[in-house]
Amino acid sequence: MRIRAVYPGTFDPVTNGHIDLIRRSSALFDHVIIAILRNAEKTPLFSIEERVEMLENAIAKLKNVSVTTFEGLLVDYATKVGASVIVRGIRAVSDYEYELQMALMNRRLSSKVETVFMMPAEAYSYLSSRLVKEISMLGGSIHGLVPRIVERRLKQKQLSHAFSSKAGGHQ
Ligand code: PNS
């Protein structure tokens with residue numbers, strides 16, 4: 001039986017913790033679909049196109065992994081693409097409550113899709129997209145925490161942010 005898995009998330013931006021999980025799941029499942037949520041409610045730092053591009057670049061060597069976007073219910077999307085597994089990462093106990101709630105709700109919505117929790121390497125257990133953005137925007141080093149392309153893109157955002165703040169300051 002060939003098993004297709006969906007790894008959903010916001011990925012704003014993708015971190016090395018996500019990449020670690022993608023590698024691990026690509027070794028377990030026949031195909032892994034990274035599904036970026038198109039969410040009009042949140043205001044992401046990176047556009048959906050930028051996030052797709054960075055993810056595609058970071059996973060280019062993994063032949064059984066693809067990157068897509070989705071809207072609406074995750075279980076509906078999983079069913080549509082023929083995925084029977086949802087992969088979610090758990091870094092620490094603090095992640096568990098929210099993840100359990102989501103997994104059980106998804107099971108209630110569709111009993112045919114199973115959530116599988118996976119742990120990233122412990123080196124990434126304190127890593128999050130939110131912290132990476134904050135550190136980078138404040139000029140700190142995020143080297144080794146995100147793929148190279150993300151590091152470059154964050155630096156560009158930081159520079160354009162610094163430039164526009166400076167320009168604004170002189171008005
Ligand atoms: O990386 P994130 O932001 O923690 O990912 C959250 C995500 C995208 C997995 C979650 O918000 C989601 O599945 N949204 C789709 C809408 C949906 O199915 N909601 C019901 C979940 S029980």
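First listed ligand is number 1; within each ligand, the first listed atom is number 1. These numbers come from the heavy atoms of this one structure, side chains and all, not from hydrogens, waters or symmetry mates. What you see is a predicted model, and the numbers here were worked out from it, not measured in a lab.
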**Study point:** Heavy-atom nearest neighbour of atom 21 (C) of ligand 1 within options Leu74, Leu37, Thr115, Asn106
**Key:**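 The nearest heavy atom belongs to Asn106.
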
Rounded to the nearest 0.5 Å, what's the gap from [atom1] on [X] to [atom2] on [Y]? Could you check?
| X | Y | atom1 | atom2 | value |
| --- | --- | --- | --- | --- |
| Met105 | Thr115 | CE | OG1 | 12.5 Å |
| Lys155 | Ile142 | NZ | CD1 | 7.0 Å |
| Ile3 | Leu28 | CD1 | CG | 9.0 Å |
| Ser136 | Arg153 | OG | CZ | 13.0 Å |

Check your understanding: Can Lys80 and Asp76 be counted as an ion pair, charged N to O under 4.0 angstrom?
Key ->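 No.
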
**Study point:** Short N-O contact, Asp12 and Lys133, less than 4.0 angstrom
**Key:**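 So Asp12 pairs with Lys133 through a salt bridge.
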
Exercise for review: For Ala35 and ligand 1, answer yes if some heavy atom of the residue is under 4.0 Å from a ligand atom, otherwise no.
Suggested key: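 Contact absent.
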
Check your understanding: Of all the heavy atoms in Gln101, does at least one lie under 4.0 Å from an atom in ligand 1?
Key ->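 Heavy atoms of Gln101 never come under 4.0 Å of ligand 1.
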
At what distance is the nearest protein heavy atom to [atom], and which residue and atom is it?
| atom | result |
| --- | --- |
| atom 15 (C) of ligand 1 | Gly72 O, 3.6 Å |
| atom 19 (N) of ligand 1 | Leu73 CD2, 4.0 Å |
| atom 4 (O) of ligand 1 | Arg88 NH2, 2.9 Å |
| atom 2 (P) of ligand 1 | Thr10 OG1, 3.5 Å |

Exercise for review: Report, in ascending order of atom number, the atoms of ligand 1 lying under 4.0 Å from any heavy atom of Met105.
Suggested key: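 Those atoms are 22 (S).
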
Review point. Any protein heavy atom sitting closer than 4.0 Å to atom 12 (C) of ligand 1?
Key: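 Given the 4.0 Å cut-off, atom 12 (C) of ligand 1 does not count as touching protein heavy atoms.
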
Exercise for review: With sequence neighbours excluded, tell me which residues meet ring-ring contact (aromatic ring centres under 6.0 Å, His included) with Phe70.
Suggested key: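 Residues passing ring-ring contact (aromatic ring centres under 6.0 Å, His included) with Phe70: Tyr77.
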
Exercise for review: Just let me know how Met102 lines up against ligand 1, side chain, backbone, both or neither, with a heavy-atom cut-off below 4.0 Å.
Suggested key: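 Looking at Met102 and ligand 1, atoms from backbone and side chain both fall under 4.0 Å.
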
